[in-house]
Amino acid sequence: MSPLLSSIFSTGFAFAILRVMTPLLFPALGVAVSELAGSINISLEGIMLMAAFFGVIVSAFTGSLFLALIAGMAAGVMMGALLAYFHLKMKADIIMGAIALNMFAMGMTIFLLYIFTGDKGSTSSLQSLVFPSIEIPLLKSIPILGEIFSGHNILTYVALLAVPFFYVLMFKTPLGLRIRAVGQNPHAAESVGINVDKIKLYALMLSGFFGSLGGLYLSMGYVSWFSRDMTAGRGFIAIAAATLGGNMPLGVLLSSLLFGFVNSIAIYIASLNVPSELIQMIPYLVTLIALAVFAMRAQRIKNRVGEIQEHFDEDAVKAVVKDVLKTGGES
Amino acid sequence: MEKFILKYFTLIRTIIAILVGMIISVVLIYLISEMPAYSIKQFFLGPVLSKGRFANVIENASPMIFCGVAIAIAFQAKQFNIGAEGALFISAAVGTAFAVSTGMPTVLHVIMVLVVAGATGAIWGFIPGILKAKWGASELVASLMMNYIAYYGGLYLINSHFRDKDAGFLVSIRLPETAWLPQFMPGTRLHLGILLAVIFAFLGYYFLYHTTSGYEIRTTGNNQKFAKFGGMNIVKVIVLAQVLSGMLAGLGGMTEVMGIHRRFNWQMSPGYGWDGVIVAIIGRNHPLLIIFAAFFLSYMRVGGQILNLMADVPSELVLVIQSVIIILITAEAFLSTWKNKITIKEAERVEVANESVTQ
């Protein structure tokens with residue numbers, strides 16, 4: 001077997017995919033929540049940066065992993081709430097608001113980094129904590145599966161559990177139903193007494209919550225420090241992953257795996273002196289095609305529904321008219 | 001007075017937003033600098049205190065103007081195009097590839113390279129445009145994907161086929177001199193591309209405000225349903241806006257290569273497409289105002305760099321200010337209570353005046 005193939009079919013490679021996938025899956029779920037609510041959040045990049053930063057800082061200064069978790073999540077949720085405030089209260093366009101928030105997060109984290117550490121690059125001078133890796137008792141001893149699925153950072157397991165959590169939340173709870181209702185037709189939702197702004201606020205805060213876990217994983221699991229701009233575009237890749245996954249939990253998981261797979265391959269290939277650019281391009285190309293196919297299908301359905309309604313109405317009217325003529329309008 | 005404020009309300013609001021941004025920058029510098037007065041002076045006046053730095057301001061403004069006008073045309077049609085970055089990158093790569101593999105007399109070569117780059121950018125705009133216009137696919141996501149495709153595609157093209165193997169780092173082969181845009185001031189890198197940027201901003205203005213197609217783009221952006229009932233071909237209008245947008249961004253990237261570096265030397269995306277978004281917002285999607293907005297952003301950037309080098313404040317200060325300015329400009333609710341008060345006052349005044357006339 002060629003060195004490339006043998007490394008791809010190794011358990012170490014499969015392990016790496018899950019590792020690389022984790023900081024994509026969290027923000028992708030975050031994007032999916034916001035998309036389902038009809039207000040796309042493209043500020044996951046900023047949300048993750050803020051969470052990654054505050055997690056590290058709080059863990060370094062308090063020595064408490066729990067407080068770091070809370071701080072990181074609070075930072076992410078606050079960013080989501082801030083975006084909702086700009087969008088819903090200050091009437092800024094949500095895309096502009098998110099672009100501003102991304103910039104704000106990038107600038108502010110470096111700024112605060114400099115204040116706390118005197119360094120503009122990273123927190124390597126601080127003693128910050130990391131989330132533990134865990135071995136799963138029974139799974140660990142199964143030959144191949146154990147090597148792939150056991151021994152990951154706890155947040156990787158949280159990410160995998162976040163997928164069914166997302167499903168239950170969005171499809172089995174009243175909040176999820178409301179979020180989807182608002183996303184599909186805000187006017188209809190409003191007419192049945194749903195407070196649209198409030199639901200959008202919740203959705204964006206949830207989006208920030210999912211994103212914050214991705215950020216925490218980056219700085220306290222994937223590596224053990226915060227460095228400037230460490231999200232490196234993952235918040236945007238998450239938009240691709242959510243789109244490709246159709247904003248559905250299983251779809252988002254699979255598309256995040258694909259992006260994780262391709263990124264891992266790129267790392268392996270780079271060492272073999274083969275141009276990796278074309279392979280790295282593939283998932284984006286696939287996403288673009290998927291986007292087009294989804295859109296075409298949605299439009300076909302829309303047209304079809306329109307046709308049916310037209311026919312239905314016409315026939316119904318004809319039937320009523322006929323009926324009236326026949327009975328003389330008496331019955 | 002009230003009349004004046006109402007007429008220029010958006011402009012006044014923009015200026016106030018910029019002022020608030022400036023005030024925040026002063027406060028932040030005071031908070032963190034050991035020598036605030038010196039730092040503030042460096043930030044605000046640094047760029048004009050030396051010829052080289054002021055030239056930097058103008059050089060950097062050039063691709064920002066191209067991308068700003070590009071984004072503005074798309075925004076005017078209400079198309080959330082963030083694909084200027086990708087169009088710029090791929091056009092510069094393809095244009096470079098074309099320039100190094102052809103030989104022509106100088107003026108013709110320059111023109112042909114610009115045509116190739118512009119056409120590449122146009123294709124990059126066409127794809128999200130047609131997907132949106134025909135099938136309603138999100139142009140935001142599509143243009144984002146096009147950015148990545150452009151990035152990896154451009155890198156592949158340059159690194160695998162047009163790489164200068166003697167250079168020691170990843171750059172393309174040097175452009176033949178026939179494809180250079182001349183630099184006109186010794187000691188600086190000011191080049192003809194800047195003039196082109198301004199010319200294209202004027203052309204963009206003329207197109208948007210004095211041609212039928214421009215009118216159709218603005219109408220579609222203001223009210224798509226109205227435009228449709230008015231008999232406009234929405235598909236054509238949206239695609240045209242995106243194609244022109246991609247073309248301008250592509251020209252911005254190519255002139256940068258032809259005027260400054262004379263070779264493709266980007267391994268990271270240079271970010272001018274995102275700057276274009278900022279500049280379009282500050283310039284209110286008006287091509288002529290965008291010239292000033294680009295100059296302003298570029299001035300702040302150079303000020304930030306000076307701050308980083310000469311004082312003890314990180315240049316990321318500029319990012320924070322940018323974000324505040326953008327929020328305040330795009331937030332329609334910002335100062336709206338004030339506007340409403342003035343509107344009521346003005347209405348009352350007119351009413352009183354009318355009454356006194358009728359009596």
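A, B, ... follow the sequence lines: proteins, then strands. Residue 1 opens every chain.
For B:N308, the parts lying near chain A are the backbone and the side chain together; criterion is any non-hydrogen pair under 4.5 Å. In this structure, chain A has heavy atoms under 4.5 Å from both the backbone and the side chain of B:I149. Residue A:R300: no heavy atom, backbone or side chain, is found under 4.5 Å from chain B. A:I99 touches chain B through its side chain: at least one heavy atom from C-beta onward sits under 4.5 Å away, while N, CA, C and O do not. Residue contact with chain B, scored on non-hydrogen atoms closer than 4.5 Å, involves the side chain of A:F86 exclusively. Only the side chain of A:I95 comes within less than 4.5 Å of a heavy atom in chain B; its backbone stays farther off. Looking at B:V277, only its side chain comes within 4.5 Å of chain A, counting heavy atoms on both sides. Contact annotation for A:I42: only side-chain heavy atoms (C-beta onward) come within less than 4.5 Å of a heavy atom of chain B. For chain B, the nearby part of A:I115 is the side chain; its heavy atoms alone come within less than 4.5 Å.
Look at B:D275 and B:R301 and you find a salt bridge, because one of the NZ, NE, NH1 or NH2 atoms lies within 4.0 Å of a carboxylate O, short of that distance.
Between A:F210 and A:F26, a ring centre-to-centre spacing not shorter than 6.0 Å is recorded. Between B:Y156 and B:F162, a ring centre-to-centre spacing not shorter than 6.0 Å is recorded. For B:F264 and B:W266, the distance between ring centers is under 6.0 angstrom.
Of the residues A:L101, A:I47, A:V77, the one that meets the side-chain contact (heavy atoms from CB on, under 4.5 Å) test with A:L82 is A:L101.
The candidate with the highest count of non-hydrogen atom pairs below 4.5 Å against chain A, out of B:L131, B:I321, B:V313, B:L144, is B:L144. In terms of heavy-atom pairs under 4.5 angstrom with chain B, the leader among A:F104, A:Y114, A:F294 is A:Y114. Here A:I110 is the residue among A:I282, A:I40, A:I110, A:T287 with the most heavy-atom pairs under 4.5 Å with chain B.
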List, one per line, each side-chain donor-acceptor pair under 3.5 Å for residues 251-262 of chain A, sequence neighbours excluded.
unit_1, atom_1, unit_2, atom_2, d
A:S255, OG, A:A241, O, 2.6
A:S255, OG, A:G251, O, 3.2
A:S255, OG, A:V252, O, 3.1
A:S256, OG, A:V252, O, 2.8

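B:S245 places a side-chain N or O within donor-acceptor distance of the main-chain N or O of B:A70, the cut-off being under 3.5 Å.
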